[in-house]
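Keep in mind that what you see is a predicted model, and the values were worked out from it rather than measured.
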Amino acid sequence: MTLDIQQIWVYLAARPLTGLLLTLLAYQGGVWLYRVSGQRAICNPVLIAVLALIAILFATGTDYASYFEGAQFVHFLLGPATVALAVPLYRQLQRVRQSLRALTIALICGALTGIVSAVVIAWLLRAPGVVIASLAPKSVTTPIAMGVAERVGGLPSLTAAVVIVTGIFGAAVGPSLLSRAGIKSPQARGLAMGVSAHGIGTARALEESQIAGAFSGLAIGLNGLATAILLPLLYQLTLAGWQWFAG
């Protein structure tokens with residue numbers, strides 16, 4: 001009986017739709033558990049889905065490449081989903097204009113905090129330089145983070161994993177931390193979620209309100225742009241300062 005199940009799985013694992021079906025079922029299960037738990041942070045649907053998929057692939061001995069043949073259909077939708085964030089942003093355009101000065105200052109401070117905090121913590125833990133460079137762009141969306149990490153000498157694959165973990169963690173604990181800090185403004189909450197937790201945080205912000213989702217979506221793009229400009233510049237300045245100090 002066990003042999004039959006293994007043979008069936010070997011056959012199914014080679015079919016692209018299996019990966020797609022597993023992804024959808026894992027996420028739907030995560031959503032169900034999130035609702036049943038009363039929307040507890042630890043039961044974030046993305047976190048549950050990722051853990052479930054890792055367990056399934058590990059238990060069945062399925063390699064990631066085989067799984068991704070089907071999951072890539074969901075991955076393809078990431079682009080249209082990101083572009084769709086422009087819809088709530090357009091509806092809140094007047095609010096964005098009114099908050100432009102505060103928005104700009106908050107984005108720069110958020111981008112710098114995301115970079116510096118990752119670098120300092122990794123440095124204090126005596127992480128290798130390549131790891132520090134990989135962690136620095138952790139708070140921006142994956143494609144931008146991977147490109148920036150590669151430019152400053154990091155490992156894009158490590159950066160991608162850290163970005164996902166950062167997004168899940170930010171979406172899980174971000175709203176409660178903001179509430180405890182007394183931050184009630186949907187603009188501020190959305191901006192904070194977008195700057196710190198990119199796309200996954202934006203999905204969580206949209207659950208709160210359209211305003212929070214709009215500002216979070218805006219923060220994804222602008223934080224990515226700010227990090228892409230600031231991180232290489234800071235890297236060059238740090239490198240030059242170190243060489244001057246060592247010399």
Side-chain angles (χ1 to χ4, degrees), residues 46-47 50 54 64-65 68 71-72 75-76 78-79 81-83 85-86 103-174 177 190-205 215-247:
V46 178
L47 174 62
V50 169
I54 290 175
Y64 180 78
F68 191 70
Q72 64 181 331
H75 185 266
F76 168 78
L78 180 61
T82 303
V83 174
L85 292 174
L103 184 65
T104 303
I105 296 173
L107 279 167
I108 295 175
C109 292
L112 288 173
T113 300
I115 295 170
V116 173
S117 62
V119 170
V120 170
I121 292 173
W123 179 75
L124 290 175
L125 294 175
R126 299 183 179 181
V130 66
V131 174
I132 295 176
S134 302
L135 294 178
K138 63 175 179 58
S139 295
V140 300
T141 188
T142 306
I144 297 177
M146 293 175 68
V148 172
E150 186 174 15
R151 184 174 177 183
V152 298
L155 299 174
S157 56
L158 175 58
T159 299
V162 172
V163 167
I164 294 173
V165 172
T166 300
I168 294 174
F169 181 79
V173 305
L177 288 177
L191 188 69
M193 293 297 291
V195 168
S196 61
H198 47 82
I200 301 177
T202 298
R204 181 65 181 84
F215 275 77
S216 186
L218 177 63
I220 294 177
L222 295 182
N223 185 43
L225 178 61
T227 301
I229 295 172
L230 293 173
L231 182 54
L233 180 60
L234 291 174
Y235 175 77
Q236 293 296 332
L237 291 174
T238 304
L239 185 61
W242 175 256
Q243 291 175 344
W244 176 83
F245 178 78

Which heavy atom of [X] sits nearest a heavy atom of [Y], and at what distance?
X	Y	result
S134	L158	CB-CD2, 3.7 Å
A205	G190	CB-CA, 4.4 Å
T202	G194	OG1-CA, 4.2 Å
V163	P137	CG2-O, 4.0 Å
S139	N223	O-ND2, 3.4 Å
A133	G153	CB-C, 4.0 Å

Would you say that V148 contacts T159 through its side chain, given a criterion of any heavy-atom pair below 4.5 Å between the two side chains? no

Would a 4.5 Å heavy-atom cut-off, applied to side chains only, mark L103 and L218 as touching? yes

Identify which one of L135, V131, I132 satisfies the side chain to side chain contact (heavy atoms under 4.5 Å, CB included) criterion when paired with W123. I132

T227, I115, T166 screened by side chain to side chain contact (heavy atoms under 4.5 Å, CB included) with V140, the one that passes: T227

As an exercise, state the distance from [atom1] of [X] to [atom2] of [Y], rounded to the nearest 0.5 Å.
X	Y	atom1	atom2	answer
I108	T113	CD1	OG1	11.5 Å
I220	I200	CD1	CD1	10.0 Å
E150	S157	CD	OG	10.5 Å
L155	M146	CG	CE	10.5 Å
L107	L191	CG	CG	5.0 Å
L222	T104	CG	OG1	8.0 Å

Decide yes or no on side-chain contact (heavy atoms from CB on, under 4.5 Å) for L234 and V152, but give the supporting numbers first. CA-CA 10 Å; L234 291 174; V152 298; over 6 Å; no

